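Data first, discussion second: the structure below is written as structure tokens.
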Amino acid sequence: MSALPRSYNPFAEDEEDDVAPAGPGGAGGADRQRFLQQEVLRRSAATADSTTRSLSLLYESERIGVAASEELIRQGEALKRTEQMVDKMDQDLKTSQRHINSIKSVWGGLVNYFKAKPPESKPEQNGAPEYYANSRLKEAMTSSKEQESKYQESHPNLRKLDNSDNDFNKADLVSSVQRDAYPKNQQLRAYHQKIDNNLDEMSSGLSRLKSLALGLQTEIEEQDDMLDRLTKKVETLDVNIKNTDRKVRQL
């Protein structure tokens, strides 16, 4: 039989040194107790380190997602500029066709005189087109950029000092209700609180990553529609250029 009572807590700090082994197997029970205590502490520390590494990877994934979103927005701006250039070329081509008809015959000149002029496109302010990404992506990017400082703190190459000592100091700052939910041993309590905090941060990070993914999906779908529209415009412009070139050669 064990030399310790059933209700004894091996991690309780109160009167820990007053417990004396009873019976012939008391020394072995005390060794077993210390071994179990060290094993639980070791596993708790390993779990805390694992969640910290996972949280660091999550922050890094979030940073990569923000960079991909910014690159996608720049791609959208380039597509917008290309589409406006194609529209301008199409307008110039229609003007050239009007001039060719005027040169080709008097009747063509009369038709162009009474025919309405094509609408002129307004010049862009400062020579740069305005492109707006979808609101879902912009909100997700703003939320994720606010976590940049946490990424720098968690990255092993960027953080300055190990904050493991601070975790034990923070363990004393919790409320009495929260303290009752953790073990009485200060070191073990600090590990449990660190694990819980990391899991909460991981839950929030996964939610932000989901928002980024949904925003990226919406932006990609919108740019796919823009590419389809641009492809049709380019194909039409190519046909009109060939027709105009043939008319010029017939003059």
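Values below: every heavy atom of this structure, side chains too, minus hydrogens, waters and symmetry copies. Quantities reported herein were computed from a predicted structural model and do not represent experimental measurements.
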Item to complete: Could you name each residue pair satisfying salt bridge (Lys or Arg N to Asp or Glu O under 4.0 Å) that touches residues 221-234, not counting sequence neighbours?
Response: E83-R229, E83-K233, D87-K233
Worksheet, complete the sentence: The complete set of salt bridge (Lys or Arg N to Asp or Glu O under 4.0 Å) pairs with one or both residues in residues 205-219, sequence neighbours excluded, reads E62-R208
Closest heavy-atom contact between [X] and [Y]?
X    : Y    : value
M202 : S54  : CE-CB, 3.9 Å
Q187 : L41  : OE1-CD1, 3.7 Å
T47  : I195 : CG2-CD1, 3.5 Å
N198 : A48  : ND2-O, 3.7 Å
M226 : L79  : SD-CB, 3.3 Å

Measuring from [X]:[atom1] to [Y]:[atom2], what's the distance to the nearest 0.5 Å?
X   : Y    : atom1 : atom2 : answer
S56 : E201 : OG    : CD    : 12.5 Å
L55 : L199 : CG    : CG    : 9.5 Å
Y59 : L209 : OH    : CG    : 11.0 Å
S96 : I241 : OG    : CD1   : 10.0 Å
D49 : Y191 : CG    : OH    : 7.5 Å
M89 : D238 : CE    : CG    : 9.5 Å

Practice prompt. Taking side chain to side chain contact (heavy atoms under 4.5 Å, CB included) as the test, write out the residues that go with D90, two or more places apart.
Written response: K94, L237, N240
With sequence neighbours left out, what residues match [X] under salt bridge (Lys or Arg N to Asp or Glu O under 4.0 Å)?
X   : value
D92 : K88
R74 : E71
R53 : none

Practice prompt. Would you sort out whether T218 and N134 count as a side chain to side chain donor-acceptor pair (under 3.5 Å), showing the intermediate values?
Written response: CA-CA 7 Å; T218 303; N134 66 85; 4.8 Å; no
Practice prompt. Show your reasoning for whether side chain to side chain contact (heavy atoms under 4.5 Å, CB included) applies to L230 and V234.
Written response: CA-CA 6 Å; L230 183 59; V234 170; 4.3 Å; yes
Worksheet item: So, S207 side chain and S203 main chain: donor-acceptor pair closer than 3.5 Å or not?
Response: no
Discussion item. Check whether S143 reaches the backbone of E139 with its side chain - one donor and one acceptor, N or O, closer than 3.5 Å.
Written reply: no
Worksheet item: How about T51 and K194: do any of their side-chain heavy atoms sit closer than 4.5 Å?
Response: no
Worksheet item: Tell me, do M141 and I73 make a side-chain contact under 4.5 Å, heavy atoms counted?
Response: yes
Worksheet item: Can R34 and D31 be counted as an ion pair, charged N to O under 4.0 angstrom?
Response: yes
Discussion item. Applying a strict under-4.5 Å side-chain criterion to I, L, V, M, F, W and Y, I'd like to know whether L206 and I64 cluster together.
Written reply: no
Worksheet entry | same_hphob_cluster(L212, I220) at 4.5 Å side-chain heavy-atom cutoff | yes
Worksheet item: Q75 and side-chain hydrogen bond (donor to acceptor under 3.5 Å, both in side chains): which partner among K80, Q223, E70?
Response: Q223
Practice prompt. Might you work through the side chain to side chain contact (heavy atoms under 4.5 Å, CB included) test for S44 and H192, ending with a clear yes or no?
Written response: CA-CA 7 Å; S44 298; H192 283 206; 4.0 Å; yes
